[in-house]
Asker: 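Have a look at the structure that comes next, please.
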Amino acid sequence: MSTKSQQPGDREVVEVPPPSHFAERADAGDETWLEDAIQAYLGLRLGPKQREICRSVVNNERTAVIGANGTGKTYITAAIVLAWQTVRYPAISFGTSGTGKKLYRTLCRPIDKLHEQANGGAGLPGTFKQQPPRIDYDDPEHYFEAATPSDAGELEGAHSAYTLAIIEEADKEDVTAETIDAMRSLIPDYETSRMLAVGNPPEDELNVFDEITDEASAWNVVRVSSFDSFNVRVETGELEGETIDGMATVSALREDWLDYHEEDWPGVAQAEAWTDPDGAEFREDLDARWYRRRGGLMPPDTASTFRPYDADTAKSAYQPSVSVQRAKPVGSGIDVARAGDRTVLTTLWSNGALTVRYQATGTDYPTQETELVADRRLGGDNTHPVAVDAVGEGSGLADYLDDRLPNLYRFGSDKKPLTDGTDDDNPFGLVNYKSQRAEALAALGNALDSRFAYDDGDLREELVAGARTIKFDTQTLDSRGEHGAEVVTVNSKDDVKDRLDRSPDLLDAAMMAVWARDCTPSSGVLAFQL
């Protein structure tokens with residue numbers, strides 16, 4: 001037990017047992033030594049699931065933690081590293097992930113923070129260094145290190161009497177079977193060494209993390225939902241204590257539920273019952289994001305999908321006769337033909353109407369150049385923002401338009417979005433987007449939810465096909481910000497093309513017209529004008 005003693009200057013100092021105390025308990029087979037060491041040296045309050053993770057590491061050769069957001073799995077992993085390095089000797093803790101930024105954000109940064117806080121209290125040995133991320137101790141054979149070598153085989157070779165091998169964000173695509181095998185090679189003896197893999201639910205069964213969390217695998221699996229958050233249990237009266245910053249709360253669960261579902265919040269108990277795959281009330285029709293982010297589950301095939309708009313909305317916006325009289329053009333989109341496709345020009349008007357202004361099959365770009373800059377094509381105003389998607393041979397057409405249209409923007413499906421930002425300045429869903437295509441589809445969905453009308457039957461077919469095919473998801477993109485950011489991704493345009501059996505040229509031109517109006521710097525129009 002720890003005791004408190006009064007020191008000169010009335011500064012209260014917490015006395016904790018020496019590392020040998022916990023080492024002796026570990027050698028004796030005490031399954032609680034790790035969680036107790038974390039509490040003693042780091043002062044952390046652990047919830048039931050965090051204790052379960054600690055005991056799994058103590059009792060099992062390999063532990064896989066598959067968890068939802070806000071469960072504390074990141075911090076408990078960092079805490080396990082520090083307790084392991086403090087108690088076991090000589091010890092090596094080695095961490096890896098798909099990329100360096102991802103590894104620093106998810107594992108090294110909390111290790112640095114916890115190590116610094118502990119040094120301000122009870123004190124921990126070692127010095128944290130950032131290049132490369134590591135903790136140096138007096139003994140060079142005793143250390144923590146993190147790396148993401150391009151060749152997984154480079155992970156092999158480091159061994160110690162007590163080795164802890166950690167794979168962070170194990171569900172990401174850049175963590176492969178070779179990564180797992182290389183980390184496994186670090187373990188000299190499972191009597192004294194351990195492996196720990198931590199990640200979110202994978203998107204499909206092809207992911208390597210799904211393989212190691214399968215019931216038939218050699219890994220002990222700890223599944224954690226956001227309902228297991230210490231804060232949620234405190235707020236529902238199941239546990240006593242104060243809430244912990246950074247962990248899921250009841251209000252966060254409620255807000256996500258309302259964002260993802262067109263249903264009232266049913267309360268914590270009912271929402272948990274509907275999300276428990278082993279329970280009698282489990283629902284398979286909830287939003288896919290809810291299963292992954294809050295349930296800690298791979299979504300069932302029947303889960304609803306995060307889409308920019310739905311088919312009914314696309315259908316209801318179709319009006320065979322729309323008027324653009326007295327309206328002004330506020331955004332145009334030009335999708336340039338590739339072999340076998342069409343060059344299409346659509347224009348969005350100030351009254352909310354969208355019309356198809358030009359279509360031409362093939363790649364007769366000289367003729368298309370003349371047609372596209374005609375006043376009648378652009379609504380008599382060539383100064384409004386125009387987006388053009390032209391690559392390869394069609395880039396010459398874009399160059400021609402660029403010389404004649406003052407507010408032309410080259411749209412790139414995979415280019416960085418123009419409205420990329422934070423919750424404060426992004427008007428669409430308060431999120432970042434990975435690409436301009438994702439950004440444009442979000443803008444299109446926002447427009448369809450407003451007073452938006454179009455009159456082209458072929459466009460109706462493509463919009464409906466898109467509604468049933470286009471799917472949004474999220475991923476962490478290391479290139480955004482100091483430690484990366486979560487961004488919205490979108491599935492391939494080829495999925496829509498396969499459904500239609502042709503390229504969705506009208507859909508692409510329509511989304512670019514909205515993108516030109518709402519997302520470009522010169523648009524100046526963020527709402528329909530009457």
Side-chain angles (χ1 to χ4, degrees), residues 309 314 317-337 341-361 365 367-390 394 397-398 400-402 404-411 418 436-437 439-463 466 503-530:
Y309 63 91
Y318 174 62
Q319 298 180 19
S321 58
V322 297
S323 173
V324 294
Q325 290 184 358
R326 297 189 302 275
K328 297 180 179 179
V330 292
S332 290
I334 302 172
D335 188 57
V336 179
D341 296 339
R342 293 164 293 176
T343 292
V344 177
L345 164 65
T346 65
T347 296
L348 184 62
W349 303 83
S350 57
N351 66 347
L354 184 137
T355 58
V356 179
R357 307 290 291 173
Y358 177 73
Q359 295 186 62
T361 302
Y365 299 131
T367 299
Q368 293 172 15
E369 290 171 356
T370 303
E371 291 288 340
L372 288 170
V373 298
D375 284 346
R376 61 189 176 89
R377 299 293 187 201
L378 295 170
D381 175 15
N382 69 352
T383 64
H384 72 273
V386 178
V388 59
D389 181 15
L397 189 152
Y400 177 89
L401 297 174
D402 202 8
R404 289 158 179 81
L405 302 178
N407 289 312
L408 185 95
Y409 293 87
R410 291 175 182 261
F411 178 89
L418 299 185
Q436 287 182 4
R437 180 166 177 265
E439 173 188 49
L441 286 167
L444 176 63
N446 186 69
L448 283 166
D449 286 335
S450 304
R451 294 191 307 105
F452 182 92
Y454 64 94
D455 62 356
D456 188 276
D458 288 340
L459 175 57
R460 179 183 186 276
E461 181 185 8
E462 293 187 12
L463 283 169
S503 178
D505 304 319
L506 292 161
L507 168 58
D508 289 346
M511 76 174 183
M512 282 191 284
V514 179
W515 181 82
R517 184 196 70 167
D518 290 349
C519 304
T520 59
S522 64
S523 62
V525 182
L526 291 178
F528 292 124
Q529 299 176 348
L530 298 176

Asker: For Ser332 and Thr347, test the side chains for any donor-to-acceptor distance below 3.5 angstrom and give the result as yes or no.
Answerer: yes
Asker: Find out whether Gln436 and Leu418 are in side-chain contact, i.e. whether some heavy atom of one side chain is under 4.5 Å from a heavy atom of the other.
Answerer: yes
Asker: Less than 4.5 Å apart, side chain to side chain, heavy atoms only: is that true for Asp402 and Arg410?
Answerer: yes
Asker: Is Gln319 reaching over with its side chain to a backbone N or O of Ala453, donor-acceptor style, under 3.5 angstrom?
Answerer: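 Side chain of Gln319 to backbone of Ala453, a donor-acceptor pair under 3.5 Å: no, none is there.
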Asker: Taking the side chain from Tyr365 and the backbone from Ala337, do they hold a donor-acceptor pair closer than 3.5 Å?
Answerer: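 Checked: pair present.
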Asker: Within the distance-only criterion (no hydrogens, no angle test), does the side chain of Arg377 pair as donor or acceptor with the backbone N or O of Arg357 below 3.5 angstrom?
Answerer: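 Here the side-chain-to-backbone pair exists.
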Asker: Would you confirm whether Asn351, through its side chain, and Ser323, through its main-chain N or O, come within 3.5 Å as a donor-acceptor pair?
Answerer: yes
Asker: So, do Val322 and Tyr454 sit near enough that their side-chain heavy atoms are less than 4.5 Å apart?
Answerer: no
Asker: Taking Ser321's backbone N and O only, do any of them form a donor-acceptor pair with Asp455's side chain (distance below 3.5 Å, no angle check)?
Answerer: no
Asker: Using modelled atom types only, decide if a donor and an acceptor are shared between the side chain of Asp505 and the backbone of Arg342 within a distance under 3.5 Å.
Answerer: yes
Asker: May I ask you to test the Tyr358-Ile334 pair for a side-chain heavy-atom distance under 4.5 Å?
Answerer: no
Asker: Find out whether Leu397 and Leu372 are in side-chain contact, i.e. whether some heavy atom of one side chain is under 4.5 Å from a heavy atom of the other.
Answerer: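 Counting from C-beta outward, Leu397 and Leu372 do come under 4.5 Å.
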Asker: Below 4.5 Å, heavy atoms only, C-beta onward: do Leu378 and Leu345 meet side chain to side chain?
Answerer: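 A side-chain contact exists here, since the closest heavy-atom pair is under 4.5 Å.
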